[in-house]
Each structure stands twice: as C-alpha cells, then as structure tokens.
2 protein chains.
Amino acid sequence: MKATFGEYIRQLRTDKGLTLTELASLLKLDSANLSKIENGKREFDEKRLDKLANAFDLDFEKLKVEYFGDQFAKKMYAYNCSSETLMVAEEKVNYLKSINVKQAEIKF
Amino acid sequence: MKATFGEYIRQLRTDKGLTLTELASLLKLDSANLSKIENGKREFDEKRLDKLANAFDLDFEKLKVEYFGDQFAKKMYAYNCSSETLMVAEEKVNYLKSINVKQAEIKF
DNA sequence: CTAAATTTGTCATTTATTGACAAGTTAATA
DNA sequence: TATTAACTTGTCAATAAATGACAAATTTAG
C-alpha cells in the first residue's frame, strides 16, 4: 500500500460502490469535506478512525499503520527529512517504552 | 541519541552552562515555558528550530532528525502503533516524492 | 538564610481545525 | 443536449488547540 490515506479511503469506498454522501454519513461528516479528505486537501480526523474501520470491516491496527504512516510521510516530505528520522523515531519509541512516560489519554 | 527532544535541549543547555532564562532569551521564549518544554510538558515549536540550531551551532538536518523523530515517537507511543508504521511511512514518503505532490509552503 | 534557578498553574490571546453550506464542475444517461 | 446524481471547490463562523505571559511556588547552591 503506497497510496496516501485519502487515496486509500477512496479506493475502499469505490470498491464497495459507495458514494461520498453514503460514506460521509457513516463517518458522520459532510460529503464535501470527505471529498477534500480523499483529495488530500483536508486531514482525516483521528477520532473517526474507529468509524472508518467499522465501515469497511478493517483491522484497526493495520488502519493505524496506514493513518500514522501517512501523517509521518507527509511531514517528512514537507520538511525534507532524511529517512534517518524514522530510525531515530524507532529508537525513541523504545526509549519512551523503557521509561514508561506518562502520556496523554489514549483516544481509542 | 535516545532522549526525548526536551531532554536533548536540556543536555545542550547545561553542557554550555546556560540558564533557562539565557537560552529562552536566545529562542525568544519565556523561561517558564522552556522549562515545560525540557520537561516534556509542552512542545517545542517548529518555527524555533533555526534559532535552536544557531544557539548551539548544530547541523540543521540532524536537528530535524531529532525533532521529527521525537514527534513521531511520541505519536506512536501514545497510540501504540506497531513499528511497521515506520516502514509504511518510508514507502509513503517515496510515493509522495514519486508523484511530486504539491505541498504546503516549507517553513524553513 | 538568601538569591538565583527552575517548576507549576492559570488564563487571555492567537492560531489552526472543523462543520456547514452554497455554488460550481463533471460524468453518466435518457 | 437536458437532467440529475456525484463530486469539487470556496468560504466562513464556530470550536478546539497551541502559545505567550505572568504570578506564585519549589528547588538548588552558596
């Protein structure tokens, strides 16, 4: 899966023969805004990931990989970050786990 | 370098024998807020990365690696993302490069 | 004890994100 | 080509998040 998250949603939606309006309704969002999301002109809101998973019966862990992978990629692309950034990120995740940082409330 | 970005700044600052007030002044920010940043209670603002690089004569590319690596790690930790997220991110960066997506204005 | 350094709490302001809707374009088809 | 559903784009008020600022602790070093 190399597509952006917007392209990914569009693929899921059209594969299932849904219109923007239909999917937007499932996601509790305006069809015009869903269009922007699919076209990369708005971000998909974290808090709707669960609805998206339900709509297409997706594995939630895999969906998170797509979603956050997309976010990271956009940042890196926008700021021209070397791919070393990702290795450092991995180290730092392990570091955070090792010190068991108190963290913001998990949203899902 | 495994520390959080806040710890990293504190290390740089104390190594150079600067007080919070002194560094805060260089970064054009309140010392109380810098304290919070070092202690992971606030985010360091992207727009001050250049000032930080200047203050400590750091390589800007490496600083970005630290900064964004830290951001990604925090997200992954907070949302319990599998490390596959990072591989997907890499694929997606390459995808974005390949399609030469029009992007938000680069801030530095 | 004192003074400097640091931390914590709060809050108004600023900035960014979102929801909503109107108006426009495109695509399919009768 | 007229009609209609689907989609896109633009705008803006409302909401939410980030930031700056400052006062009031607390900690640290001498």
Side-chain angles (χ1 to χ4, degrees), chain A residues 3-52 55-56 67-68 70-72 74-75 78-79 99 101-108, chain B residues 3-52 55-56 67-68 70-72 74-75 78-79 99 101-108:
Chain A
T4 65
F5 197 71
E7 289 166 350
Y8 172 66
I9 294 177
R10 169 149 298 182
Q11 188 71 57
L12 289 167
R13 177 175 66 81
T14 54
D15 282 358
K16 215 178 171 183
L18 297 176
T19 65
L20 282 172
T21 305
E22 288 165 340
L23 178 55
S25 160
L26 293 174
L27 301 177
K28 308 286 186 238
L29 106 87
D30 185 289
S31 67
N33 291 329
L34 178 54
S35 167
K36 287 169 197 158
I37 289 167
E38 290 186 351
N39 290 300
K41 295 174 179 171
R42 268 201 192 203
E43 290 304 310
F44 187 83
D45 190 337
E46 238 159 62
K47 72 172 188 254
R48 271 188 270 256
L49 280 179
D50 59 338
K51 293 192 182 66
L52 187 62
F56 297 109
Y67 180 71
F68 290 106
D70 184 75
Q71 285 206 338
F72 300 167
K74 279 179 188 153
K75 273 275 180 193
Y79 289 98
I99 65 178
V101 147
K102 66 178 164 307
Q103 64 193 88
E105 194 181 321
I106 301 295
K107 285 86 174 175
F108 43 67
Chain B
T4 65
F5 197 71
E7 289 166 350
Y8 172 65
I9 293 177
R10 170 149 298 183
Q11 188 69 56
L12 289 167
R13 178 174 66 80
T14 54
D15 282 358
K16 217 179 168 182
L18 296 176
T19 65
L20 282 171
T21 306
E22 288 165 340
L23 179 56
S25 161
L26 292 174
L27 301 177
K28 307 286 186 240
L29 105 89
D30 186 289
S31 65
N33 290 331
L34 178 54
S35 167
K36 287 169 197 158
I37 288 167
E38 290 186 352
N39 290 299
K41 296 174 178 172
R42 264 198 197 210
E43 290 305 309
F44 186 84
D45 190 337
E46 237 158 64
K47 71 172 187 255
R48 272 188 269 258
L49 280 179
D50 59 338
K51 294 191 182 66
L52 186 62
F56 296 109
Y67 180 72
F68 290 107
D70 184 75
Q71 286 206 337
F72 300 167
K74 279 179 187 151
K75 273 275 178 190
Y79 289 97
I99 65 178
V101 147
K102 65 178 164 310
Q103 66 193 89
E105 194 181 322
I106 301 295
K107 285 85 174 180
F108 42 67

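Just so it is clear: chains get the letters A, B, ... in the order the sequence lines come, proteins before strands, and each one is counted from 1.
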Discussion item. So if I take every side-chain heavy atom of B:K36 and compare against C:dT6, D:dC7, D:dA21, which nucleotide ends up nearest?
Written reply: D:dA21
Worksheet item: Between B:S35 and C:dT7, is there a side-chain N or O to OP1/OP2 distance below 4.0 Å?
Response: yes
Worksheet item: Tell me: CD of A:E43 to P of C:dT17, nearest whole Å?
Response: 8 Å
Worksheet item: What is the distance, rounded to the nearest whole Å, between atom CD of B:E22 and atom P of C:dA5?
Response: 7 Å
Item to complete: Heavy atoms only: give me the nearest B:L26-B:A55 pair and the separation to one decimal.
Response: CD1-CB, 4.1 Å
Fill in: d(CG, B:L18; P, C:dA4) in whole Å
18 Å
Practice prompt. Please report the shortest heavy-atom distance between B:Y67 and B:E46, naming the atom on each side.
Written response: OH-N, 3.3 Å
Worksheet item: What is the distance from CZ of A:R42 to C1' of D:dA16, rounded to the nearest Å?
Response: 14 Å
Worksheet item: Got a donor-acceptor contact below 3.5 angstrom from the B:R13 side chain to the B:L23 backbone?
Response: no
Worksheet entry | Qualifying residues under salt bridge (charged side-chain N to carboxylate O under 4.0 Å, His left out), relative to B:R10, sequence neighbours excluded | B:E38
Item to complete: Pick base, sugar-phosphate or nothing for B:T19, based on heavy-atom distances below 4.0 Å to the nucleic acid.
Response: sugar-phosphate
Practice prompt. Might you point out which heavy atoms bring A:N33 and A:R42 nearest each other, and give the distance in Å?
Written response: OD1-CZ, 3.5 Å
Worksheet item: By a strict heavy-atom criterion of less than 4.0 Å, which residues belonging to residues 25-34 of chain B are in contact with DNA chain D?
Response: B:D30, B:A32, B:N33
Worksheet, complete the sentence: Closest non-hydrogen atoms of A:S35 and A:L20, given as atom of the first, atom of the second and distance, are CB-CD1, 3.8 Å
Discussion item. Using whole Å, what does the distance between atom C1' of nucleotide C:dT18 and atom CD of A:E46 come to?
Written reply: 14 Å
Worksheet entry | Audit row: B:L12, B:L18, side-chain contact (heavy atoms from CB on, under 4.5 Å) steps and yes/no | CA-CA 9 Å; B:L12 289 167; B:L18 296 176; over 6 Å; no
Discussion item. If I take atom CG in residue A:L20 and atom C1' in nucleotide D:dT9, what distance separates them, rounded to the nearest angstrom?
Written reply: 13 Å
Practice prompt. Walk me through it: do B:K75 and A:F72 pass the test side-chain contact (heavy atoms from CB on, under 4.5 Å)?
Written response: CA-CA 10 Å; B:K75 273 275 178 190; A:F72 300 167; 3.9 Å; yes
Worksheet entry | For B:E43, salt bridge (charged side-chain N to carboxylate O under 4.0 Å, His left out) partners two or more places apart | B:K74
Item to complete: Taking the side chain as every heavy atom from C-beta outward, state whether A:N39 and A:K36 have any pair of such atoms under 4.5 Å apart.
Response: no
Item to complete: Could you list all the ring-ring contact (aromatic ring centres under 6.0 Å, His included) pairs where at least one residue sits in residues 12-44 of chain B, not counting sequence neighbours?
Response: B:F5-B:F44
Worksheet item: So does B:K47 get a side-chain nitrogen or oxygen closer than 4.0 Å to the phosphate oxygens (OP1/OP2) of C:dT15?
Response: no
Discussion item. Output the pairing pattern of DNA chain C as a dot-bracket string, 5' first, Watson-Crick or G-U wobble with both distances under 3.5 Å, | for cross-strand pairs, [ ] for crossing pairs.
Written reply: ||||||||||||||||||||||||||||||
Item to complete: Determine, for nucleotides 25-30 of chain C in 5'-to-3' order, which nucleotides have protein heavy atoms under 4.0 Å from the base (write B), from only the sugar-phosphate (write S), or from neither (write -).
Response: ------
Worksheet, complete the sentence: From NZ of A:K41 across to P of D:dC7 the rounded distance in Å is 15 Å
Discussion item. Walk me through whether A:L29 and A:I37 qualify under side-chain contact (heavy atoms from CB on, under 4.5 Å).
Written reply: CA-CA 11 Å; A:L29 106 87; A:I37 289 167; 4.2 Å; yes
Item to complete: Compare side-chain N and O positions of B:R10 against OP1 and OP2 of C:dT7 and report whether any pair is under 4.0 Å apart.
Response: yes
Discussion item. Tell me the interatomic distance from B:R48, atom CZ, to D:dT19, atom P, rounded to whole angstroms.
Written reply: 8 Å
